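Heads up: the structure comes next, in structure tokens.
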Amino acid sequence: MCGRYGLIKKIEEIQKRYRAQYSEAWETNYNICPTTLAPVIVEGEKGREIRLMKWGLIPSWSEDGKTKFSTINARAETVAKSGLYRGPFKKHRCIVPASGFYEWAKDKKKGDPPMWFTPKGDDFFSFCGIWDSWKSPEGKEIESFSIITTDANTVVGKIHDRMPCAITDNMIAAWISPTTPEGDLQSFLGPYPASKTSALPVSAYVNKVANKGPECIASINST
DNA sequence: CCAGACGTTGTT
DNA sequence: GTCTGG
DNA sequence: CCAGACGTTGTT
DNA sequence: GTCTGG
């Protein structure tokens with residue numbers, strides 16, 4: 001699954017890579033956690049925009065802005081059918097830019113360290129995401145997103161069964177366009193190639209959500 | 001028809 | 001054990 | 001995802 | 001909002 005990731009580039013570099021406008025400040029964060037704000041790229045009326053949204057999708061029909069269930073991830077296999085995600089999947093697809101993501105071993109007893117996965121020869125993963133907008137009773141709009149997951153490739157699969165869906169730059173425009181036919185979308189959601197995925201074991205420093213700095217991705221083999 | 005759910009992961 | 005907060 | 005709380009009353 | 005179960 002994908003429950004933590006990092007985005008360690010400046011907003012100007014994100015803007016350059018995705019050719020999207022931004023209007024809100026963003027601080028580099030090596031440890032982005034559920035419920036916190038992170039930049040996502042959407043197709044707006046005036047072209048691509050970078051918006052800060054809350055990680056963990058709040059459905060537009062939520063009464064109190066909370067969910068009784070986890071919405072940080074959506075399974076690629078069911079996202080198009082799910083009552084919760086169906087609407088956002090049709091109209092509100094986004095790219096979640098990431099420098100890398102963390103996975104923890106499913107078997108806690110072995111004491112395996114957390115792993116930091118990065119794209120080989122690239123500065124960004126472009127995760128496939130969906131988003132929604134919720135309006136509080138006071139009229140405040142809150143935008144939020146979920147990251148789509150799929151089967152792990154052979155590199156990630158050594159410690160975990162699932163990983164986030166990531167696409168190449170030539171697929172981005174079609175993914176975020178609201179007019180792309182729904183039938184075309186499923187083919188976007190395969191695993192990222194193992195040959196382009198790097199893995200680095202890191203310390204438990206990243207476990208603490210308050211730790212946001214470069215120490216999160218320091219290799220435990222080199223310290 | 002209305003009421004109630006709507007999710008992911010990992011573990012046993 | 002299970003839920004909430006970050 | 002992990003870490004931390006999980007409660008009540010009354011007082012500042 | 002929209003689907004499923006009864």
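What you are looking at is a predicted structure, and each value in this text was computed from that prediction instead of being measured. Letters A, B, ... are given to chains in the order of the sequence lines, protein chains preceding strands, and every chain is numbered from 1.
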Centroid distance under 5.5 Å and plane angle under 30°, A:Phe69 vs B:dG7
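By the stated criterion, A:Phe69 and B:dG7 do not stack.
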Compare the ring of A:Tyr85 with the six-membered ring in the base of B:dC6 and state whether they stack (centres under 5.5 Å, planes under 30°).
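Stacking between A:Tyr85 and B:dC6: absent.
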Using a 4.0 Å heavy-atom cut-off, does [X] contact any base of the nucleic acid, only the sugar-phosphate backbone, or nothing at all?
X        : result
A:Thr78  : sugar-phosphate
A:Thr71  : nothing
A:Lys208 : sugar-phosphate
A:Ala74  : sugar-phosphate
A:Trp61  : base
A:Ser60  : nothing
A:Thr149 : sugar-phosphate

Take atom [atom1] in [N] and the same atom in [M], then report the distance between them in whole Å.
N     : M      : atom1 : value
C:dT4 : B:dG4  : C1'   : 23 Å
D:dC1 : B:dT12 : P     : 15 Å
B:dT8 : D:dC2  : C1'   : 15 Å

Find the distance A:Tyr102:OH to D:dA3:C1' and express it as a whole number of Å.
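Value for this atom pair: 16 Å.
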I need the CD1-P distance between A:Ile58 and C:dG5, as an integer number of Å.
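Atom-to-atom, A:Ile58 to C:dG5, this comes out as 13 Å.
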Indicate, with yes or no, if the rings of A:Tyr5 and A:Tyr102 have centres closer together than 6.0 Å.
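No, ring centres 6.0 Å or more apart.
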Does a side-chain N-to-carboxylate-O contact under 4.0 Å join A:Arg17 and A:Asp123?
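No, A:Arg17 and A:Asp123 are not salt-bridged.
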